[in-house]
Amino acid sequence: MTWTVKSGSAKLSSVASTSGPGGRVSANVTFGSAPGPVVVTVSLGTTAIATFNLTSQPVLSGMSIVSGNNQTTTINTAFSPLTVQVSDVNNNPIVGVTVTFTVTSGNVAINPTTAVTNSQGQASTTATAAQTAGVSTVTASYATASAVFTLTAIPLGPQITAGNFQNAASFQSGLVPCGLATATGSGIAPGITGTVSGASFFGPLPFTLNGLSLSVNGIPAPIYQLSNTNGKQQVTFQTPCEAPVTNNGTVALTLSGGTSTVTGVQILAVQPGIFAYGATSSSTGKPIAYGDLISGDDGSYVSATNPAKRGHTYYLIATGLGQVTPAASTNSVGINGQAVAAQVIVGVDNLGVPVTTAYYQPGEIGVYVVGFTIPLTNPTGTDQPLALGLTVNGQLTFANTVYIPVVQ
C-alpha cells in the first residue's frame with residue numbers, strides 16, 4: 001500500500017505499507033507548522049483505498065495590535081478602526097476565531113462588540129468618543145490572549161466664524177497687523193464668569209490664557225483678556241505684526257487640546273478704530289458712544305463736565321492703524337518715535353481739522369495715539385461727531401463714528 005499526504009502541512013512516519021496479520025497497514029501523521037485541513041490517502045496501485053480528512057488546529061501564541069492604538073479625536077467623533085491580529089506559535093494568522101471587544105475604562109461606544117478574524121487573522125471594531133472628554137481603554141480578547149487600546153477624546157475647539165474676528169475698538173470685521181482685535185464665539189472662555197486679564201504692569205502678554213491660545217497664519221498671538229458675560233464668550237488679542245495682509249487669513253484657536261481652524265479671515269493693512277465709552281447723551285437722552293479723548297493741556301479726559309475747547313490740542317486713543325516707522329513687533333510695547341505710516345485725517349463736526357501727530361503709544365501694545373487741534377472756526381455744541389480716517393494706496397478707510405460730549 002502507498003501512503004501519501006495529498007494536501008496540507010504534515011509528514012508521515014512509522015509507515016507500515018505491507019499488510020500484516022489481520023490485513024492492516026498504518027502510519028503516524030505529524031502536523032506541520034501551518035494549521036488547517038490535511039488530507040492523507042492510502043492507495044493500492046492507482047486505486048485509492050482510504051482517505052483520511054484531518055484538521056490541524058493552531059496553537060494560540062498571542063494577540064497583537066495592528067492599528068488604532070494611542071489615538072486622539074474630538075468628542076462625538078469616531079476613531080480610526082481598532083484592529084488586532086491573532087497568531088499561533090509559528091507566527092501564522094489564526095483564521096475564523098471570534099475576538100471580543102470590551103470598553104474597560106472611560107466613555108466610548110464600540111461597534112461591533114465581536115468580530116471574526118479574516119484570512120490575515122485580523123479582527124476590527126470602531127470606537128466613537130462620547131460627549132465627555134477623557135482617556136478610555138478598549139480591550140480585545142480571545143481565549144487567553146488580549147490587547148489593550150488607549151484612546152483620548154478632547155473637547156471641540158472654539159466655535160467661531162471668519163466674520164467674528166473684529167477690531168477691538170470699532171468692532172468692524174477684520175484684523176490689522178499690530179492692532180488689537182476680538183474674537184467672539186462659543187467655547188472660547190468656558191468655565192469662567194466675567195473677565196480674566198492677561199495684561200500686567202510689567203512684562204509681555206501671555207500667549208496662552210486660561211488654556212486658550214491662538215495663532216494668525218501660524219504666528220502666535222498675545223492675549224489681552226478673556227471674558228464670558230451673559231453667555232457671550234470673547235477673547236481680545238494683538239494681531240501679530242508679522243501677519244501678512246490678505247483676504248484669506250487663517251486663525252487657529254486651541255483650548256484644552258481641541259483646535260478649531262478658521263479660514264477666510266480678512267487681514268487689512270489698516271482698519272482704524274477709536275476707543276470709546278458708552279453713555280447717555282445730555283441732549284437727546286439716548287445711548288451714545290463718546291470717544292476716549294485726552295486734553296493736551298493737562299492730560300485730563302474730555303467729558304460732559306470737562307468740555308473740549310477750540311484752539312486746543314487733543315489726543316484720541318485708537319487701534320488698527322497698521323504698521324509704524326520704525327516698525328513695531330508682536331508683543332512689544334511702543335517706543336518713542338514710532339510714527340503711523342499711513343496718511344491720517346481727523347474730522348470734528350464733519351469738518352477736517354489739523355492732525356498734529358499719529359504714533360504707536362510708548363509702553364503699550366496695540367494702542368495708537370492721534371493728536372489734533374480743534375480750530376477756532378469750528379462750531380461749538382454738544383455731541384459733535386469725531387471721525388478718524390487713514391489712506392493707504394489711495395484708499396481711505398474710516399473708523400467707527402464716535403462723539404465729543406461738548407465743544408466750546
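On a predicted model such as this, the values are computed, not experimentally measured, just so you know.
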Which residues share a side-chain contact (heavy atoms from CB on, under 4.5 Å) with Thr380, sequence neighbours left out: Arg310

Thr114 and Thr100: side-chain donor and acceptor closer than 3.5 Å? no

By the side-chain hydrogen bond (donor to acceptor under 3.5 Å, both in side chains) test, which pairs, at least two apart or in different chains, include something from residues 317-333? Glu242-Thr330, Ser329-Ser332

Return yes if a side-chain donor-acceptor contact under 3.5 Å exists between Thr305 and Ser303, otherwise no. yes

Working note: Ser124 + Thr83, criterion side-chain hydrogen bond (donor to acceptor under 3.5 Å, both in side chains); need CA distance, chi angles, decisive distance, verdict. CA-CA 4 Å; Ser124 299; Thr83 303; 2.7 Å; yes

Of all pairs that satisfy side-chain hydrogen bond (donor to acceptor under 3.5 Å, both in side chains), the ones with a partner from residues 190-219, not counting sequence neighbours: none

Euclidean distance, Phe31 CZ relative to Gln57 CD, rounded to 0.5 Å: 8.5 Å

What I'd like to find out is whether the side chain of Leu226 reaches to under 4.5 Å of the side chain of Asn228, using heavy atoms alone. no

Residue pair Val302 / Pro405, side-chain heavy-atom distance below 4.5 Å: yes

Name all pairs fulfilling the ring pair (Phe, Tyr, Trp, His ring centres under 6.0 Å) condition that reach into residues 338-375, sequence neighbours left out, sorted by first residue then second. Tyr360-Tyr368

Going by side-chain hydrogen bond (donor to acceptor under 3.5 Å, both in side chains), name the pairs with one or both residues in residues 394-408, residues two or more places apart or in two chains. none

Could you name each residue pair satisfying ring pair (Phe, Tyr, Trp, His ring centres under 6.0 Å) that touches residues 289-337, not counting sequence neighbours? Tyr277-Tyr290

Going by the angle between their ring planes, with limits at 30° and 60°, are Phe165 and Phe237 parallel, tilted or perpendicular? perpendicular

Please test Thr104 against Thr137 for side-chain hydrogen bond (donor to acceptor under 3.5 Å, both in side chains), starting from the C-alpha separation and ending with a verdict. CA-CA 6 Å; Thr104 44; Thr137 57; 2.8 Å; yes

